[in-house]
Each structure stands twice: as C-alpha cells, then as structure tokens.
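So you know, we letter chains A, B, ... as the sequences are listed, proteins then strands, and number each from 1. All of these numbers come straight from a predicted model, not from anything done at the bench.
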There are 2 protein chains.
Amino acid sequence: MFAKFLSLDKEKQDRIINAAMKEFAQKGYDKASTNEMVKEAGISKGLLFHYFQNKKQLYFFLYDHMTQLLVEQIEEKVDKEERDLFIRVRQMALVKLEIFQMYPELFNFAKSIFMETSAEVIHEVGQRGKELLESYFKDFKGDIDFSKFKKGIDVHKAFNIIAWTLEGFGFQQQKKVQSLSIENLDIEEALKEMDEYLDMLRNAFYE
Amino acid sequence: MFAKFLSLDKEKQDRIINAAMKEFAQKGYDKASTNEMVKEAGISKGLLFHYFQNKKQLYFFLYDHMTQLLVEQIEEKVDKEERDLFIRVRQMALVKLEIFQMYPELFNFAKSIFMETSAEVIHEVGQRGKELLESYFKDFKGDIDFSKFKKGIDVHKAFNIIAWTLEGFGFQQQKKVQSLSIENLDIEEALKEMDEYLDMLRNAFYE
DNA sequence: AACACTATTGACCAAGTGGGTCAATAGGAT
DNA sequence: ATCCTATTGACCCACTTGGTCAATAGTGTT
C-alpha cells in the first residue's frame with residue numbers, strides 16, 4: 001500500500017516522516033496542517049498526496065511504522081535475560097537515544113497520540129494502542145531482581161524515581177540539542193552524565 | 001485597563017481565565033481559537049471582546065496576571081529563612097498545589113509560553129520573561145544548607161533528581177485528576193505519598 | 001530524436017475557521 | 001418610563017484547510 005513511498009531514497013522518506021511527526025505532535029491531528037508538512041519537508045503538496053491517499057492514512061502510517069521500529073529495536077537491543085533493573089533501564093535509554101538521532105520527533109509524536117482528542121482518529125488510536133503498550137510494559141516488568149534493593153525500600157516508588165530522572169535528563173538533553181544547533185551534542189559526554197545519575201540512584205536504593 | 005473584567009464576579013472571571021489558558025496552552029498563540037474559549041467559558045464572543053481589545057491583549061493579561069499571582073503566593077507561603085532544601089522544596093510544592101486547585105491550566109500555560117514560536121508575541125514574551133524568571137531562581141538557590149548532604153554527593157545532580165521526581169509525581173497526579181472526573185482526588189493521600197518520595201530522597205542524599 | 005512512463009509541481013477548489021464588529025436585546029436601577 | 005450597562009450572536013472578509021489535476025520535468029529505451 002505504501003510501496004511507492006517506501007521505495008523513495010531513505011533521506012527523503014525521513015525528511016517527510018520527521019516533518020509530519022513534528023506537525024502532528026505540535027498541533028494534534030485536526031489542527032496539523034499538511035501545508036506545513038510539505039513546506040518543512042521541502043516537497044510539493046501534490047507529492048504528499050501522491051504517496052498517501054489522505055491525512056488520516058498518513059497519520060496511521062506513521063503510527064504503525066514507528067511502532068514497528070520501536071518494537072524491533074527493543075527486541076534487538078534489550079537483553080530480556082538481564083535481571084538487573086539498572087542495566088535494563090540503561091539499555092532502554094540507549095535504544096531511545098539511537099532512535100532519537102534518526103527521528104527526533106518520534107517521542108513527541110508518541111506522547112501526542114496519548115493526548116489526542118480528535119473524533120476523526122481517537123477510536124482507532126484507542127484500539128491499536130491497547131494491545132501494544134500493554135505487552136510492552138508487561139515485558140519490561142518481566143522478572144527484575146528486586147532482592148538487590150535495600151530493605152524497607154518501596155521498589156515501585158524507586159522505579160518511578162529512576163524513570164522520572166531519566167525522563168527529566170532526556171528532556172534536558174533534548175532542549176540542549178535544539179538550542180545548540182545541529183548534532184554537535186557530545187554523546188559520550190551525555191552518556192557519562194547519565195551514568196552518574198544512575199550511579200547515584202543505585203547507591204541510594206541498592207544494598 | 002481591565003477594570004471592567006476585574007469587577008466581574010470571581011467565578012465568571014476564573015471560568016474565562018481557565019478557558020483561555022487552556023486554549024493557549026494546548027494550541028499555542030496563533031492557533032488558539034477565541035471561539036473555543038468562549039464556548040468553553042460559556043459566554044458570547046462579543047463579551048470576550050468587550051473585556052479585552054483583542055487576542056493579544058488577552059494573552060498578555062493572562063501572562064501578567066498569573067505571574068503576579070505566582071510571585072505573591074511564593075512571597076507569602078515560602079519561608080526564605082528556611083535553609084533546608086527539602087523543606088523549601090516541599091513549601092514550593094504546596095504553593096503549586098494550591099494554585100493548581102484554582103487554576104488547573106496555569107502550569108500548562110506557563111510551560112507553553114516557553115515553547116511559543118508565534119512571531120506575533122515571541123518578542124514581547126522574551127522581554128518580560130527574562131527578569132522575572134531570573135530573579136525567581138536566584139531567590140530559590142538563595143542559601144540552602146548543603147552541609148547536610150553526604151560527602152561525595154553532587155548536590156547539583158541531587159537537586160535535579162528531586163526536581164524531576166516532584167515534576168513526575170505532579171504530572172501523575174494531574175493525570176489522575178483529569179481521568180477520575182472532578183475534584184475527588186484525596187489531597188491528604190497525595191501529600192502523604194509525596195512525602196514518602198521526599199523521605200526516600202532525603203535518606204538517599206543526606207548524611 | 002522520438003517516445004514512453006513516472007515523479008513532481010503548484011495553481012486551484014469548495015468548505016470551513018479565524019479574529020473582530022455591531023445593532024439589537026435583556027436586566028436592573030432609579 | 002427612562003437610562004445605562006451587560007450580553008448576545010449573526011455577520012464580515014481574509015485566510016487556511018484537505019484534496020485535485022492538468023501540466024511539466026526527468027529518465028531511460030529505442
């Protein structure tokens with residue numbers, strides 16, 4: 001169904017994907033403008049509608065395509081046998097970083113889907129989202145080794161603190177990239193800093 | 001200049017303020033629709049433009065009015081002599097909670113201002129924002145007692161972890177309020193939970 | 001050169017929405 | 001009755017929307 005689009009050279013594909021995700025993420029389905037997308041992607045209006053029948057089809061193409069990418073990457077790069085929470089969390093962060101470098105708008109797009117209120121798409125979004133996200137989180141909770149935690153620590157709360165810290169750190173880095181122009185963010189440096197945060201939390205929560 | 005508006009009964013004022021902040025926060029200045037605002041507030045289009053000359057004036061009224069409220073409340077309820085980081089942070093959280101109960105959209109509105117890109121308002125926003133936010137954060141960093149921290153702890157990072165945890169927790173509670181209908185959130189319960197998070201972090205970082 | 005075939009453009013369309021206006025009405029006070 | 005203000009919502013025109021389509025550019029084959 002998207003054979004024409006998928007046979008484009010990858011660079012152009014990605015330009016279109018990123019432009020569309022950015023617009024949908026910022027404005028929501030209804031207010032997102034296909035005009036803005038084509039301007040940002042540097043293609044003509046006609047071309048976008050040559051590849052995708054209409055706005056809705058484009059939206060769900062992005063949804064499915066990006067979901068697939070996410071699942072693939074997690075499957076490939078996260079070791080499901082690893083039982084240490086911090087190592088698992090770190091692996092997830094690496095996956096996120098890698099994807100972010102290719103599709104900087106993907107996570108904003110994903111977040112925006114949760115907040116979507118448009119009557120046009122909300123039903124179908126609801127349907128597709130359920131299964132996937134559930135299986136994804138069940139996988140993750142899988143079998144973490146909680147015996148390493150100090151006695152008396154509420155592991156659920158500890159997990160939240162770790163997640164929120166990573167989220168906050170990620171957001172901070174994202175803003176840094178946006179302000180300091182293009183990809184001259186020192187990734188090594190950022191990872192080192194992230195590890196320092198994780199070390200602090202490991203010392204705080206592990207025996 | 002806004003005498004007419006300010007002499008309205010407070011309930012109606014707040015309905016209008018909340019509706020406008022919500023719309024601006026969700027869509028950004030340009031795409032925010034005054035039609036949506038009046039629909040949400042339950043007033044007529046004409047009335048809104050009876051109180052405010054135009055959209056821009058409304059926007060900056062909200063900006064100034066909410067800034068003032070925030071500063072007042074912090075001035076009143078945060079003890080500047082208190083040198084313990086956790087106590088100070090908790091006081092700030094209480095201020096935030098109180099404001100949130102009256103203006104649930106205020107913090108979303110504030111966040112949206114930072115991301116505003118509209119040519120119409122961006123310059124003036126930039127100008128007003130600077131002074132205020134700077135003085136606000138200088139005040140806060142004021143003179144916290146860092147001697148209570150464990151040796152070897154990076155206090156800057158510790159502060160970030162605390163801030164991100166509070167942010168994450170706050171966001172979680174906000175979502176809970178939105179989904180579980182109106183104000184039947186148990187505030188006592190929420191505060192207790194927040195204190196448990198703060199206790200965990202105090203144990204982690206203090207000697 | 002001539003032809004075929006696809007990729008790509010952008011002017012164009014009808015429908016809808018935007019901010020803002022204003023004559024008309026409702027309500028209350030005197 | 002009269003005056004004054006608060007409030008309404010139909011209306012205006014400019015602009016944007018998703019989507020179309022005839023025309024053009026580009027590429028390869030003969």
Nearest-angstrom distance from the residue atom [atom1] of [X] to [atom2] of [N]:
{"X": "B:His50", "N": "C:dG19", "atom1": "NE2", "atom2": "C1'", "answer": "18 Å"}
{"X": "B:Lys56", "N": "C:dG20", "atom1": "NZ", "atom2": "P", "answer": "10 Å"}
{"X": "A:Phe5", "N": "C:dA7", "atom1": "CZ", "atom2": "P", "answer": "14 Å"}
{"X": "B:Tyr59", "N": "C:dG19", "atom1": "OH", "atom2": "P", "answer": "14 Å"}

Please check if any side-chain donor atom of [X] sits under 3.5 Å from a side-chain acceptor atom of [Y], or the reverse.
{"X": "A:Asp84", "Y": "A:Tyr206", "result": "yes"}
{"X": "A:Asn54", "Y": "A:Gln57", "result": "no"}
{"X": "B:Lys45", "Y": "B:Asn35", "result": "yes"}
{"X": "A:Asp14", "Y": "A:Tyr103", "result": "yes"}

Review point. Looking only at N and O atoms, is any donor in the side chain of B:Lys55 or the base of C:dG20 less than 3.5 Å from an acceptor on the other one?
Key: no
Check your understanding: More than 12 heavy atoms of other residues, nucleotides or ligands under 6.0 Å from CZ of A:Phe171: is that the case?
Key ->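 No, the 6.0 Å shell around CZ holds no more than 12 heavy atoms from other groups.
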Check your understanding: Hey, does B:Lys12 reach any base, or is it just sugar-phosphate, or nothing, if we go heavy atoms under 4.0 Å?
Key -> sugar-phosphate
Review point. Base, sugar-phosphate alone, or nothing: which one does A:Tyr51 contact when heavy atoms must sit under 4.0 Å apart?
Key: sugar-phosphate
Point to revise | Residues in contact with DNA chain D, drawn from residues 24-39 of chain A - heavy-atom cutoff 4.0 Å | key: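 Residues of residues 24-39 of chain A that come under 4.0 Å of DNA chain D are, in numerical order, A:Ala32, A:Ser33, A:Thr34, A:Asn35.
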Check your understanding: Could A:Asp79 and A:Arg88 be called an ion pair, given the rule that one side-chain N must be under 4.0 Å from one carboxylate O?
Key -> no
Review point. Between B:Asp195 and B:Lys192, does at least one N-O distance fall below 4.0 Å, as a salt bridge requires?
Key: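 The answer is no: the pair does not qualify as a salt bridge.
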Check your understanding: So among B:Tyr51, B:Phe52, B:Phe24, which one has a ring-ring contact (aromatic ring centres under 6.0 Å, His included) with B:Phe61?
Key -> B:Phe52
Point to revise | Least distance between heavy atoms, A:Glu40 atom then A:Ala19 atom | key: CG-CB, 3.5 Å
Review point. If you walk 5' to 3' along DNA chain D, what is the first nucleotide with an atom under 4.0 Å of a heavy atom in chain B, and what is the last?
Key: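 With heavy atoms of chain B under 4.0 Å away, the range is D:dA6 to D:dT17.
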Listed pairs, N/O of protein and of nucleotides 25-30 of chain C, under 3.5 Å:
none

Exercise for review: Could you label the plane-to-plane angle of the B:Tyr29 and B:Tyr59 rings as parallel, tilted or perpendicular, counting under 30° as parallel and over 60° as perpendicular?
Suggested key: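 Rings of B:Tyr29 and B:Tyr59: perpendicular, as their planes differ by over 60°.
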**Study point:** Geometric cation-pi criterion A:Lys22 and A:Phe109, 6.0 Å radius, 45° cone
**Key:** no
